[in-house]
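Just follow the structure's listing: the first ligand is 1, and inside any ligand the first atom is 1.
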Amino acid sequence: MGNEQNWAGNLRYSAEMVHEPRDAAEVQRLIADAAARGVGVRALGSRHSFNDIADSDGVLISTRLLTGELRCDAEAAAGRAGTVTIGAGIRYGELAIALEERGLAVANLASLPHISVGGAIATGTHGSGDAVGSLATAVRGIELVDGTGAVRMLRHGDADFAGAVVGLGALGVVTRVTLAVEPAFAVAQTVYEGLRWSALLDDFGAITGAGYSVSVFTRWNSDGPDQIWVKRRVTEPGQAAEADALLAAGALAALEARHPLPGISAESCTEQLGVAGPWFERLPHFRLAFTPSNGAELQSEYLIPREHAAEAITALRALADRIRPLLQICELRTVAADELWLSAAYRRDALGIHFTWLQRQDEVEALLPEIEAALAPFSARPHWGKLFTQTTAAIAPLYPRHADFVALAAEYDPQGVFHNDYLRRVLL
Ligand SMILES: Cc1cc2nc3c(=O)[nH]c(=O)nc-3n(C[C@H](O)[C@H](O)[C@H](O)COP(=O)(O)OP(=O)(O)OC[C@H]3O[C@@H](n4cnc5c(N)ncnc54)[C@H](O)[C@@H]3O)c2cc1C
């Protein structure tokens, strides 16, 4: 058992060694050496996953120093929609600052800016937005070192591309990523309260469509959700009318800044009260300079087809008394469908039902099968980087390209150097 832990501190990595290579050539040497010794290898990003997805009983290859120089294509260099290429170890918060200096933006961010780009795309990490895909949908190219130590370049449109992007670290260590960017934009964030369940469930789409990115926070109280965070791109036409949808549904705009967890200071949260500001200081819920969320937590998330939103929420409300004693907060958010084989939004517009738990892992893991059973009728796909108890038998049928992915992984990693307990349990 090693000394290195994940961000939440609920997992001690079993690797004998954590290496911090600076370029693809060093990654190649590390993988070749591990393969020759017959020990396993995993990429390690910013360690924000809550399960053993990144664990290895051999060596870990941290991407911390694989940040590289940001390179813009001609369009992006002129401040227009285009692409940028960057090292996979860069964190979104750092990337955002480099983009903003050039007048550029990515379409969306997760709830926190501290996660690495490579780790986020490998697990299908997402933010919220009816029309916005997961962070992996911005990927236009990847450079990776496969299980044989060879460097491979994959571009959007290549045969393997849609299989390789949300790759769970099973195909190789991604060293560089090319991302779609657009001109920087401004966002205004407003928190609404007082919405009743009936108003949310009668027209779920009207609420999640009330802005560019909408998050519903709930502790499953009987009257209604606690808060609705609405992030609006302020230059978009018709925006005022969309916001009115929330007021029309009976919600009120909060007059003070809020934290999603009741009773906690909003100091660590991004600016609210409708004050417009840069995209990267509004799209995440938490500021880069602060410990995100409460700091001591576990997380689970299940993504279902959005058309089942009302039924799934009703099924979970029936479990409220079981969920609440272990819960800090739940977040409901939407993700647009995509074509990435292992994305939880593969070919279906999704609703993510996210749980931030107290750090009581045994009790949480004892409860998860009940939640998974309640959501099974909606073919709930678990977030790859959070706690869940489903195994391959339940997960494989949820992904039409599952067998193709397993075959692709075998092609990129014929010796199985990237196999770990997690992959053997949930994928292979
Ligand atoms: C406080 C908090 C808030 C979060 N909020 C959100 C959220 O809003 N939305 C959401 O969807 N998720 C969220 N997550 C989950 C998180 O985004 C994912 O777990 C994500 O994978 C973390 O990225 P990481 O760099 O820390 O990856 P790690 O946990 O280090 O690794 C995750 C996986 O990615 C692989 N990997 C990492 N880097 C590479 C690489 N360069 N090449 C190949 N494989 C690689 C690893 O091998 C492993 O399989 C949150 C987590 C925390 C702790």
Does any N or O atom in [X] lie less than 3.5 angstrom from one in ligand 1, N or O only?
X: Thr63; result: no
X: His126; result: yes
X: Gly119; result: yes
X: Glu297; result: no
X: Gly45; result: yes
X: Ala110; result: no

Only counting residues at least two apart or in another chain, list the ones meeting ring-ring contact (aromatic ring centres under 6.0 Å, His included) with His308. Phe378
Ligand 1 contacted by Tyr422 (non-hydrogen, < 4.0 Å):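 In this structure, Tyr422 fails to qualify as a contact of ligand 1 - no heavy atom is under 4.0 Å.
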If only side-chain N and O atoms count, and only distance matters, is there a donor-acceptor pair under 3.5 Å linking Gln299 with Glu301? no
Quick one: does Arg306's side chain get under 4.5 Å of Asp130's, heavy atoms only?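 Touching, per the 4.5 Å side-chain cut-off.
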Inter-residue atom distance Ser46.OG - Tyr92.OH, 0.5 Å rounding: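 If I round to the nearest 0.5 Å, the distance is 10.5 Å.
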Tell me whether Arg140 contacts the main-chain N or O of Thr137 through its side chain, where contact means a donor paired with an acceptor under 3.5 Å. yes
